[in-house]
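Accompanying notes for the structure given below.
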There are 2 protein chains.
Amino acid sequence: MPEEIPVPPWRRPKKAPPRMPLTQDRIVDTALGILDAEGLDALSMRRLAQELKTGHASLYAHVGNRDELLDLVFDLVLTEVEIPQPEPGRWAEQVKEMCRSLRRVFLAHRDLARIAIDRVPLGPNGILGMERTLNLLRSGGLRDELAAYGGDLLSTFVTAEALEQSSRHSGTEQSEEQAGMFADQLHGYLKSLPPTQFPNLVHLAGPITSLDSDRRFELGLEIIIAGLVAAGAGDDADDREPGIRTAGSTLPGS
Amino acid sequence: MPEEIPVPPWRRPKKAPPRMPLTQDRIVDTALGILDAEGLDALSMRRLAQELKTGHASLYAHVGNRDELLDLVFDLVLTEVEIPQPEPGRWAEQVKEMCRSLRRVFLAHRDLARIAIDRVPLGPNGILGMERTLNLLRSGGLRDELAAYGGDLLSTFVTAEALEQSSRHSGTEQSEEQAGMFADQLHGYLKSLPPTQFPNLVHLAGPITSLDSDRRFELGLEIIIAGLVAAGAGDDADDREPGIRTAGSTLPGS
DNA sequence: ACCTGAACACCGTTCAAGT
DNA sequence: ACCTGAACACCGTTCAAGT
């Protein structure tokens with residue numbers, strides 16, 4: 001090998017240059033990839049750096065720390081949530097659609113619920129999601145306090161339900177089968193309890209163990225929405241502050 | 001020091017013998033102590049062993065692994081939850097009392113909500129709590145499926161709310177002050193958003209940030225209980241299956 | 001039977017030094 | 001300015017060896 005011969009321009013690689021520069025976007029994208037494929041525990045700074053073919057210390061030039069990285073991953077994934085524009089007469093159904101969309105996103109990304117559960121979504125996409133959620137909730141006539149809290153309550157519910165569902169088939173693969181086996185075992189255990197000491201558990205062994213994730217989710221959604229309506233539609237109905245529901249209308253000041 | 005002189009019997013320490021034998025109870029008690037004083041992140045097997053003046057490998061003779069230890073700590077603390085015996089005509093109030101008691105337990109033990117959030121309480125005290133919860137819920141006339149799921153929904157709600165409250169003043173001390181400062185900052189931020197793009201966030205900046213933890217909790221409780229009543233008291237009222245609500249009564253078979 | 005020391009295979013974060 | 005290697009101060013779990 002006598003000398004370095006320069007590579008002619010048409011041979012230079014267009015995509016995948018020798019080393020793509022490290023950016024925050026590239027880090028966050030790769031982190032999400034590891035999360036989906038291997039879960040939260042596998043998403044270490046070192047593993048991530050290895051995937052990016054760099055040293056693990058280099059990451060700290062772009063992300064602060066691991067917790068901040070998870071903030072960014074969470075906010076990125078929030079782009080996938082669909083929040084409907086309010087349509088008259090479909091309030092309850094649209095709230096459900098929104099929650100189902102959020103749930104689908106959780107189930108599509110392994111361990112995302114674990115990331116979301118103790119995080120307030122204050123990134124750009126989180127804020128946008130909050131705005132749209134409030135818009136939808138208020139279109140049903142919820143008074144201010146209930147609209148403000150209702151969004152929190154609903155997203156907490158969806159997150160917790162997704163967390164519980166994904167933690168049932170923890171670690172290993174085989175989602176449905178494992179959940180079923182666990183339910184069967186639990187059913188047998190509850191039925192075997194002394195009925196004088198645990199009459200309710202013995203009696204309800206069936207209902208307790210037969211509720212699958214979808215049914216639990218829809219039931220909880222029904223309950224919370226009914227509760228919101230019962231608590232919030234009573235004292236003011238539809239037309240207390242006309243014209244503040246859609247973007248661009250005039251607002252009363254602070 | 002020429003020779004070992006034996007200690008006379010009346011001088012031998014009655015309590016705190018040279019080395020109390022390592023037992024599961026002692027391990028779990030000590031773990032709870034570390035949790036309360038220093039939080040979940042400080043509760044490592046090594047730190048725990050140090051507190052017990054033993055090698056960290058010794059713990060594995062009594063607890064399996066760290067996750068199982070946390071199961072045991074969680075179940076231990078569940079003894080502190082008070083679940084009322086049903087009294088006629090006080091159903092909704094008693095459900096609230098139960099949830100408030102659970103909340104107090106979470107707030108009394110640092111990071112307990114983080115332990116509880118992804119755990120099903122299947123230890124002895126967890127099972128007992130489930131039985132009593134179902135007994136109370138059914139006394140209000142909830143149909144089987146709703147009683148079975150209602151307990152889950154309520155405890156998930158209490159846990160998630162406690163988690164959010166404790167994560168607001170994360171790490172460092174100063175609970176109330178930090179929460180207030182954070183709320184003020186958030187209020188300013190929301191107010192500063194472009195009102196044409198974020199009309200609802202700007203309008204609701206007040207309600208969103210002024211809800212303190214107690215108010216949030218009571219509001220959520222109200223909503224869920226109202227939802228349970230709306231969804232479950234409709235199709236069967238008080239007397240469908242007489243006498244199965246209290247321990248000892250006859251039960252229909254499986 | 002119970003406990004121990006040592007080892008294995010990891011972590012997140014910092015920082016002086018290089019290019 | 002950006003990246004790196006090396007170091008610091010930790011982890012949970014296993015296991016052969018001791019008493």
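Within every chain, numbering begins at 1; the chains are lettered A, B, ... in the order of the sequence lines, protein sequences first and strands thereafter.
- C:dC3 atom C1' lies 17 Å from atom CD of B:Gln24, rounded to whole Å.
- Taking atom P on both nucleotides, C:dA9 is separated from D:dA9 by 23 Å, rounded to a whole Å.
- In DNA chain D, the stems built from three or more successive Watson-Crick or G-U pairs (distances below 3.5 Å) are C:4-8 with D:12-16, C:12-16 with D:4-8.
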Show me the protein contacts with nucleotides 10-14 of chain D, counting only N or O atoms at under 3.5 Å.
{"residue": "D:dC11", "atom": "OP1", "partner": "B:Ser44", "partner atom": "OG", "Å": "3.1"}
{"residue": "D:dG12", "atom": "OP1", "partner": "B:Met45", "partner atom": "N", "Å": "3.3"}
{"residue": "D:dG12", "atom": "OP1", "partner": "B:Arg66", "partner atom": "NE", "Å": "3.3"}
{"residue": "D:dG12", "atom": "OP2", "partner": "B:Met45", "partner atom": "N", "Å": "3.0"}
{"residue": "D:dG12", "atom": "N7", "partner": "B:Arg46", "partner atom": "NH1", "Å": "2.3"}
{"residue": "D:dG12", "atom": "O6", "partner": "B:Arg46", "partner atom": "NH1", "Å": "3.0"}
{"residue": "D:dG12", "atom": "O6", "partner": "B:Arg46", "partner atom": "NH2", "Å": "3.4"}
{"residue": "D:dT13", "atom": "OP2", "partner": "B:Tyr60", "partner atom": "OH", "Å": "2.9"}
{"residue": "D:dT13", "atom": "OP2", "partner": "B:Arg66", "partner atom": "N", "Å": "3.0"}
{"residue": "D:dT13", "atom": "O4", "partner": "B:His56", "partner atom": "NE2", "Å": "3.1"}

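- Rounded to a whole Å, the CD atom of A:Gln50 is 14 Å from the P atom of D:dG5.
- For A:Arg216, the salt bridge (charged side-chain N to carboxylate O under 4.0 Å, His left out) test picks out A:Glu161, A:Glu164, B:Asp152, with sequence neighbours left out.
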Would you be so kind as to tabulate the donor-acceptor pairs closer than 3.5 Å made by side chains of residues 117-127 of chain A, with sequence neighbours excluded?
{"residue": "A:Arg119", "atom": "NE", "partner": "A:Ile115", "partner atom": "O", "Å": "2.9"}
{"residue": "A:Arg119", "atom": "NH1", "partner": "A:Asp67", "partner atom": "O", "Å": "3.1"}
{"residue": "A:Arg119", "atom": "NH1", "partner": "A:Asp67", "partner atom": "OD1", "Å": "3.4"}
{"residue": "A:Arg119", "atom": "NH1", "partner": "A:Asp71", "partner atom": "OD1", "Å": "2.8"}
{"residue": "A:Arg119", "atom": "NH2", "partner": "A:Asp67", "partner atom": "OD1", "Å": "3.3"}
{"residue": "A:Asn125", "atom": "ND2", "partner": "A:Asp75", "partner atom": "O", "Å": "3.0"}
{"residue": "A:Asn125", "atom": "ND2", "partner": "A:Asp75", "partner atom": "OD2", "Å": "3.2"}

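- Applying the side-chain hydrogen bond (donor to acceptor under 3.5 Å, both in side chains) criterion to B:Gln185, with sequence neighbours excluded, gives no partner residue.
- Considering only the side chain of A:Thr54, D:dT4 comes nearest among D:dC3, C:dT4, D:dT4.
- For the side chain to side chain donor-acceptor pair (under 3.5 Å) condition, the pairs that include at least one residue of residues 42-52 of chain A, sequence neighbours left out, are A:Glu38-A:Arg47, A:Arg47-A:Glu51.
- Within residues 27-39 of chain B, no residue has a heavy atom under 4.0 Å from DNA chain D.
- Residues B:Gly129 and B:Ile83 approach most closely at O-CD1, 3.5 Å, considering heavy atoms.
- When the side-chain contact (heavy atoms from CB on, under 4.5 Å) test is applied to B:Glu80, the partners found at least two apart in sequence or on another chain are B:Val77, B:Val105, B:His109.
- One interatomic measurement links the two molecules: CG of A:Leu52 to P of D:dT4, which rounds to 11 Å at whole-angstrom precision.
- For A:Phe157, the ring pair (Phe, Tyr, Trp, His ring centres under 6.0 Å) criterion is met by A:Phe217, not counting sequence neighbours.
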Criterion salt bridge (Lys or Arg N to Asp or Glu O under 4.0 Å) on B:Arg110 and B:Asp41, from CA distance to verdict
CA-CA 11 Å; B:Arg110 171 123 82 122; B:Asp41 293 338; over 6 Å; no
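- Residues satisfying the side-chain hydrogen bond (donor to acceptor under 3.5 Å, both in side chains) test with A:Asp184, not counting sequence neighbours, are none.
- With sequence neighbours excluded, the residues satisfying side-chain hydrogen bond (donor to acceptor under 3.5 Å, both in side chains) with B:Glu97 are B:Arg90.
- Rounded to whole angstrom, the span from the CG atom of B:Leu22 across to the P atom of C:dT4 amounts to 8 Å.
- Applying the side-chain hydrogen bond (donor to acceptor under 3.5 Å, both in side chains) test to A:Asn65 and every residue at least two apart in sequence or in another chain returns nothing.
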